[in-house]
Amino acid sequence: MLDAIQFSSFAEFIDMGGYGFNVWSVYGLFAIFVAVNLVLPLRKKQKILRQLKRRMMLEEEIKSEDS
Amino acid sequence: MWLWFSKLGSPKWFYELSGKWLPWLIAAMVVFMTVGLVWGLLFLPPDYQQGFTSRILIVHVAVAGTSLAFFPLLLVSGTITLVWRMKLADMVAKNAAILGAWFSFITLATGSLWGSVMWGTWWEWTDSRLVSMLFQLFLLLGVISLRSALEDSETAAKACALLSIVGCINVVIIKYSVEWWNTLHQVSSPVSMDTQSPNGPEFWIATLIMIVAVYLFLSVSLILSTRNEILERERKSQWVQDLVSKS
Amino acid sequence: MEAMSEKQTTTSAAFLATLKRDLLIAFKKKNDIVNPFMFFIIVVSLFPIGISPESDRLTEIAAGVIWISVLLASMLSMDNLYRADFEDGSLEQLLLSPHPLFFLVLAKNISHWLVSGLPVVLVSPLLAYMLALPEEAYLILVLSLLLGTPIMSLIGSIAVALTVGLGSRGLILAVITLPMSVPVLIFGTLAVQSTLNSQSPLGYLSLMLVMLSVSVSLAPLASAAALKISVN
Amino acid sequence: MEAMSEKQTTTSAAFLATLKRDLLIAFKKKNDIVNPFMFFIIVVSLFPIGISPESDRLTEIAAGVIWISVLLASMLSMDNLYRADFEDGSLEQLLLSPHPLFFLVLAKNISHWLVSGLPVVLVSPLLAYMLALPEEAYLILVLSLLLGTPIMSLIGSIAVALTVGLGSRGLILAVITLPMSVPVLIFGTLAVQSTLNSQSPLGYLSLMLVMLSVSVSLAPLASAAALKISVN
Amino acid sequence: MLSARQLFCERDDRVLFQNLDFDLAEGQVLQVQGSNGSGKTTLLRILCGLNDSYAGSIRWYGQEIEEQAAAFFASLLYIGHRVGVSKVLTPIENLRWSCSLKQAVNDDQIMSALKEVGLRGFEESPCYTLSAGQQQRVSLARLLISPAKLWVLDEPFTTLDTKGVAQLESILQDQAQAGGAVMVTTHHQLTIPELSLLSLG
Amino acid sequence: MLSARQLFCERDDRVLFQNLDFDLAEGQVLQVQGSNGSGKTTLLRILCGLNDSYAGSIRWYGQEIEEQAAAFFASLLYIGHRVGVSKVLTPIENLRWSCSLKQAVNDDQIMSALKEVGLRGFEESPCYTLSAGQQQRVSLARLLISPAKLWVLDEPFTTLDTKGVAQLESILQDQAQAGGAVMVTTHHQLTIPELSLLSLG
Ligand code: HEM
Ligand SMILES: Nc1ncnc2c1ncn2[C@@H]1O[C@H](COP(=O)(O)OP(=O)(O)OP(=O)(O)O)[C@@H](O)[C@H]1O
Ligand SMILES: Nc1ncnc2c1ncn2[C@@H]1O[C@H](COP(=O)(O)OP(=O)(O)OP(=O)(O)O)[C@@H](O)[C@H]1O
Ligand SMILES: [Mg+2]
Ligand SMILES: [Mg+2]
């Protein structure tokens, strides 16, 4: 299995046969793309829940003031 | 059928069901993504002609192929919004437009990074796939900006649905007309995407795995953001209130 | 009260009344007629200044520049189509008429094209001359524009109808509709260019004719739906 | 009532409040920021399609096309500057403030440029690449645009102020201001072209700097006067 | 003639009305009352089919409105907050178009209607030179011409002076007596015998 | 404090008013009356300097207004037909700006003013979601915050419900009692003791 790896050293791995910049940019972009589109919705969910909670409290406040 | 349809249209039902699916989808996505990326980065043998840049291609092709799915998706959800007035369809459509713009952009970016190696230029107007992908991005951005411009969410839903339908017809026409236009300019074009290099079966298997991984990613991301949308738009309903007070 | 149904107008009378009213408004405001025209001329004349005043250069870019400027002029003039009506409430009256909206919308589109598209097309040979386009291409240029501008008006009409409630529309309209008019641009410029290369432009022109007939029959429906959505 | 004069705001506070408000509105609407930018990109990408996709041809027209598109984007985005305020009556409130109108108008102009001019300038190198403009000209292109766009905003502001009461403005604005911005276009493209011919662009740039400072000090006065006229 | 059942409308998570039932018969003037933001405008627009974000049923002579939109529109006259008067056109030109969407009219009818609403001498002035109240009057002239059975008027009394208010009231009364029906929102106290009230919020 | 002499105004060859004289003193509420199109709006805009197509003299504490525009504007609050409320902004954001053109305010003042005009719960909703009357109320909240001596209000009662009308009347009265002055057009019958009338046309 391990000998199927195409690189014998880490430097070679980074270099990608001379196309390091392009290859790593693509993988980097792809990673950012995937991460952003997973993390943002997850964080947004937390934000929404927090906001909804705050609003619920505020509404109760208004209600108790009115009565 | 109708029952199923209206049930699927119920945000609450979708929220609960998708909550059950999500872990499985995420697990599958992680597995495919890891296999695809590790294989792609570490094990894929270099192409005899393109060297290690074929590693770009597996990502590019997966993202490019997936990004073609967005206008059909918008067409379907737009029709549902206009005809059956299902709120859920619009929640999906809203996020699909944004995600689709991301996909188109990544296709363009990875394509350029690949082109800069193969063609020596980052951008080439004589290639029809590039140009039509660029205009697909523009159309998606048009849908997004229409939505952000319209204040009333119900108006926005219907307006975007209509625009998506019109846009989908247009994407097809644009694609064909750009292709046609392009054949007239081929002469001076440096290279074309169709100069297929003989890639081994391993390459295609890696690509296939990446395609599956990217489709899974699409669905996970879309479901996550749709769930958020549901929470926001249904915030007054009892079940969301219960959910909030429990959390 | 009984006489009501007898006195009700026919659809064609409502169509004509709407056409007449829109033309009347345009002739009163004059700007609606003159501006697209002026805009077109001004934009075209920026190119010799910005790019190069040499006629060889200009010949190369002439067809493209004229087509793109027409595109911009016609997109930007769309803005007037339903806005004033929306703001003063006439649009609601239109939507509440008993006649099929398709025809009323078509009447508005036709009047708009007559007022803002046609003049631009008619002046284009003059600008073609200024940009040193060879003479043999004039006819095809005008023909292609005659077919292309109504298509763009019809497409644009959908976008205006969708955005009519918005405060600032000028740009968003262009952002939505310019990508959609790429096919028209392609066939229009190809028609002119093929004439210049002594090939037949008929294929392109007939394609544009097909596009025109499809959009005449579908776009007003979409516009009508869009108007209903916007007024909601 | 006695405390009134003590509580009155300073001009700089009013300036800041106005700047902040306009930015706030822009960020709420988002479209005001994104649309000029999108419009610019879309218009630029029509040229390779309409004229020619070959990079040699594109190099020749790149500077001109970018400058003209920026011009159009910035003119057309002006429309938003005072319109909403006019329609909802905020403009009258502005005119009735005790502070010098010069600064309040300037605040509105600055916020507008930050929102609609700057993004366009920042994305221009990307489009320059797509139009195959040689790399050595990027810096000068951006610099010339940085100097040129505020001038155009300031000039445009006068025209918007004059036409703010009009129903359909998009085109008339462009018709009024495009001719006025021809000098900017000339110096801007000359600056870029002289770089391409390995000459120094500094002369042109400093001329633009002079034009900018003159317009910053005079144009807001003219805009303020124009607003007073329009509201009448 | 018009009956609404179980109307429900919610905007931005605020329920404006629910379980709203009412009937409008020939010869009736129905005033919709309610404080600011209680949903009067929304209700009228829903009835006219300008707004479809509601639940419930609205029937016109016993049949759902959507099924007979053209017939319903032919006998409906709606004047909203925005009165439908183009500022560039003169009062005559405005009426010529807006009336001809529904019925055939001639200029004499228009002239006499304009005279009646006190716009004598302004027939040929473009509407942007008219004051707020005068523009309102142009749209009210349509009431005098229209043979529509159902009038739906949203705050038609704003900007009218006292004489105008009295005149409009008598116009509404005439319509009711001629067998038509009127649905109107206003914060004024109307003094029409045929009046019935509908209160929101 | 404000006095007009020999005002003359003509629009489109129609003389709206001529030889118009009036004085407005501290503690006074002046209601401008007149039928539609008699020139009320025009008069108010002339007084505020928003319209300069007139002849005659307008003095503020004895001095021509043009000679002391800044001082006059600092003590003037004008609310016209168009109320100056941006639809994208929320009520708070709107007030923050429009008040800060004249005086320094803090959010507490704004919040309590909004509450007083009955917009509790709408402070953070963008104004396009408010009804016609609610938008009017946003602009009226300015009256509660403003220390301006002279208020010029053009039909502030339109679209207000009866409770709103009563409240606004009492606000006007407070202003008069605090030594300010109000100039207002309306077709309503006001019941403020400090009221005086000016009739046009
Ligand atoms: C409609 C969207 C697109 C699809 C479906 C797509 C698909 C593909 C596929 C399947 C290949 C592999 C061909 C091979 O095996 O050699 C490929 C190659 C390539 N793509 Fe794309 N692509 C799209 C858009 C783009 C864009 C927008 C760009 C550039 C910005 C781009 C640049 C390239 C390049 C440079 C190659 C290599 C061409 C070669 O081998 O000579 N593609 N693309
Ligand atoms: N822009 C204009 N150009 C010419 N004449 C105008 C213009 N605006 C108003 N007028 C005329 O001035 C007169 C007075 O208008 P104004 O708006 O001041 O009336 P008003 O008293 O406020 O009426 P209302 O009670 O209807 O609001 C009207 O007869 C109108 O015809
Ligand atoms: N576009 C909108 N989006 C969301 N909510 C809205 C919208 N328009 C109105 N509303 C809300 O609907 C409610 C009713 O508005 P509507 O205009 O029907 O009131 P109204 O009874 O006519 O009041 P008024 O007497 O002030 O005219 C208001 O509380 C308002 O907040
Ligand atoms: Mg209302
Ligand atoms: Mg008035």
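Excluded from the calculations below are hydrogen atoms, water molecules and symmetry mates; all remaining heavy atoms, backbone and side chain alike, are included. Reminder, nothing fancy here: chain letters follow the sequence lines and each chain counts from 1.
The closest donor-acceptor contact from the side chain of Lys102(E) to the backbone of Leu96(C) lies under 3.5 Å. Arg82(E) places no side-chain N or O within 3.5 Å of a backbone atom of Ser90(C) that could act as its donor or acceptor partner. Looking only at distances, no side-chain donor or acceptor of Glu92(C) sits under 3.5 Å from a matching main-chain atom of Tyr78(E).
Remark: Asp88(C) CG to Cys127(E) SG distance equals 9.0 Å, nearest 0.5 Å. Distance CG/Leu89(E) to CD1/Ile25(C): 4.0 Å, rounded to 0.5 Å. Remark: Ser86(E) OG to Asp22(C) CG distance equals 9.0 Å, nearest 0.5 Å. Atoms CG and CZ, on Leu101(E) and Arg21(C) in that order, are 8.5 Å from each other to the nearest 0.5 Å.
For the options Ile79(E), Asn51(E), Ile46(E), heavy-atom pairs under 4.5 Å to chain C are most numerous at Asn51(E). Between chain C and the residues Val85(E), Leu77(E), Val83(E), the most heavy-atom pairs under 4.5 angstrom are made by Val85(E). Put simply, of His81(E), Lys87(E), Glu93(E), the one with the most heavy-atom pairs under 4.5 Å next to chain C is Glu93(E).
The number of heavy atoms from other shown groups lying within 6.0 Å of OH (Tyr129(C)) does not exceed 12. Environment of CZ in Phe8(E): crowded, with over 12 heavy atoms of neighbouring residues, nucleotides or ligands closer than 6.0 Å. By the 6.0 Å contact criterion, NZ on Lys28(C) is enclosed, its count of non-hydrogen atoms from other residues, nucleotides or ligands being greater than 12.
With a threshold of 4.5 angstrom between heavy atoms, Phe15(C) does not approach chain E through any atom at all. Using a 4.5 Å cut-off between heavy atoms, Ser98(E) does not touch chain C at all. The contact between Leu50(E) and chain C is made by backbone and side chain atoms together, counting heavy-atom distances below 4.5 Å. For Thr18(C), the parts lying under 4.5 angstrom from a heavy atom of chain E are both the backbone and the side chain. Proximity to chain E involves both the backbone and the side chain of Ala17(C), based on heavy atoms less than 4.5 angstrom apart. Using a 4.5 Å cut-off between heavy atoms, Leu16(C) does not touch chain E at all. For chain C, no part of Thr42(E) is nearby; none of its heavy atoms comes within less than 4.5 Å. Proximity to chain C involves both the backbone and the side chain of Val88(E), based on heavy atoms less than 4.5 angstrom apart.
Of all the heavy atoms in Leu95(C) and Phe73(E), the pair that sits closest is O-CE1, 3.7 Å.
In this model, a donor atom of one side chain and an acceptor atom of the other lie less than 3.5 Å apart for Gln93(C) and Arg142(E).
Annotation: side chain of Arg45(E) is in contact with side chain of Val231(C) (closest heavy-atom distance under 4.5 Å).
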